[in-house]
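Every value quoted in this text rests on a predicted model; they were computed, and no experiment measured them.
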Amino acid sequence: MEIDLGFAEKSDDAAWLSNRYFPSKLGGQPAWLELEHLPATSQLQCSKCQAPKSFLAQLYAPFEDEFNFHRSIYVFLCRNPDCQVAQSADNFTVLRSQLPQKNKFFSEEEPSDVGDPLPAIACLKKLCAACGCHAPHACSKCKAIHYCSAEHQRMHWPQHKPHCGASVGSTPTPLSQIVFPEFEIVMDSNPMESGEDDKDDETRLAEFHELEASGQTGDLSNVSEAEMDKYFGNTASADDKTFGQFKKQTAAEPDQIVRYKRGGQPLWIANTAQTVEDQLKELPNCGHCGGARQFEFQIMPQTLTLLEDDSLDWGVLAVYTCAKSCPIEGYAEEVLIKQDIVAEVEQS
């Protein structure tokens with residue numbers, strides 16, 4: 001079964017990643033598709049700590065259907081370390097949005113990639129200066145800058161304060177504690193897949209040092225256990241058959257951050273019986289049409305090396321969406337299953 005793989009690339013001009021160009025991307029601020037009925041702040045608030053969640057990624061995934069000419073899936077998460085629990089996705093939110101070809105926001109013509117990028121298509125709601133989500137609250141002093149929450153207003157205040165009340169405002173600079181580094185996700189529809197990893201440890205180590213020298217690995221503390229094991233082969237999960245299959249399937253393209261196959265199966269990193277089997281058995285139906293959900297794509301552990309946040313960790317993030325992608329207004333919640341690597345229990 002063919003799998004589309006996604007790779008992270010730095011864009012020369014972030015304007016190409018605005019909603020006008022229907023991007024797939026990691027980090028930055030969300031490029032909203034439906035511009036009138038944005039997600040309520042309560043949808044993007046962590047149920048445990050009540051903090052606003054951060055935008056992680058979005059995937060542009062349309063298909064031939066009257067209601068799905070444009071279609072994007074968004075993933076958000078709470079970055080608070082205390083809200084991250086093994087084999088639990090309670091700190092994540094997944095949203096689906098879609099539009100027909102003829103809609104009131106975007107031209108029916110395909111956007112041109114010739115010349116300089118044009119500005120984003122403006123939302124009909126105010127957006128948070130700190131995170132780019134729906135912002136029902138305005139700065140109490142200048143009334144010109146809006147925020148999704150008091151927390152983001154406090155975090156953004158040191159940057160906004162020198163310009164508060166000025167006739168000409170400054171362009172907000174992303175705050176690393178709110179916004180992740182931004183990358184385009186470039187999809188490869190004909191990737192190389194490997195069933196065998198025939199490189200010896202010396203070759204893999206040389207590859208790692210090459211990546212390290214070019215600044216592509218980040219700090220070692222950010223490298224996922226799966227990525228470290230690919231080069232050094234010494235983790236507790238190295239003998240696990242599922243983990244071994246995961247390594248073999250990703251060996252040819254170790255930089256993949258997304259695997260996309262609507263209606264396919266995830267590439268699990270650990271034995272599902274020990275991790276997420278109950279969640280898979282109890283996968284809820286679509287909250288709008290009542291129909292079944294199916295796997296659509298997964299976010300890989302290599303993504304962690306790009307986020308510059310040591311507190312985050314996961315094995316794979318598997319996203320399940322309405323199999324019909326039923327007609328909706330605004331944004332519909334979908335389901336994410338987070339599977340973590342489980343160290344084998346030592347035998348006594």
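Counting only distance, with no hydrogens or angles, the side chain of N91 and the backbone of C78 share a donor-acceptor pair below 3.5 Å. Of the possible donor and acceptor atoms, one in the side chain of Q87 sits under 3.5 Å from a partner among the backbone N and O of D340.
With sequence neighbours left out, T275 forms a side-chain hydrogen bond (donor to acceptor under 3.5 Å, both in side chains) with Q339. Residues passing the side-chain contact (heavy atoms from CB on, under 4.5 Å) test with N285, sequence neighbours excluded: A292.
Contact between H156 and A129 at its shortest, heavy atoms only, is CE1-CB, 3.8 Å. Contact record, V179 with A130: CG2-O, 3.4 Å, taken as the closest heavy-atom pair.
Within 6.0 Å of CD on Q177 lie more than 12 heavy atoms contributed by other residues, nucleotides or ligands. Other residues, nucleotides and ligands contribute only 12 or fewer heavy atoms inside 6.0 Å of the CG atom of D116. Within 6.0 Å of CD on E110 lie no more than 12 heavy atoms contributed by other residues, nucleotides or ligands. Counting heavy atoms of neighbouring residues, nucleotides and ligands inside a 6.0 Å radius, atom NZ of K10 exceeds 12 of them.
Residues D90 and K48 are not paired through a salt bridge, judged by the lack of any N-O separation under 4.0 Å between the basic side chain and the carboxylate. Ion pair E296/R96 not flagged as a salt bridge, since none of the NZ, NE, NH1 or NH2 atoms sits closer than 4.0 Å to an Asp/Glu carboxylate oxygen.
The side-chain heavy atoms of S311 and Q84, taken from C-beta on, include a pair separated by under 4.5 Å. The shortest distance between side-chain heavy atoms of L77 and V75 does not fall below 4.5 Å. Looking only at side-chain heavy atoms (C-beta outward), H160 and C139 come within less than 4.5 Å of each other. Using a 4.5 Å heavy-atom threshold, the side chains of S325 and Q98 count as touching.
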Full working for side-chain contact (heavy atoms from CB on, under 4.5 Å) between F297 and D4: CA-CA 9 Å; F297 69 92; D4 292 346; over 6 Å; no
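Screening S149, C148, C128, P52 against T41 for a side chain to side chain contact (heavy atoms under 4.5 Å, CB included) leaves a single residue, C148. Evaluated for a side chain to side chain contact (heavy atoms under 4.5 Å, CB included) with T303, the options L312, I185, L26 yield exactly one hit, L26.
Side-chain N/O atoms of S42 and Q45 include no donor and acceptor closer than 3.5 Å.
Within the hydrophobic cluster formed by Ile, Leu, Val, Met, Phe, Trp and Tyr side chains joined at under 4.5 Å, directly or through other members, F22 is accompanied by W32, L33, L35, L38, L44, F55, Y60, Y74, F76, L95, L99, F105, F106, I121, L124, L127, Y331.
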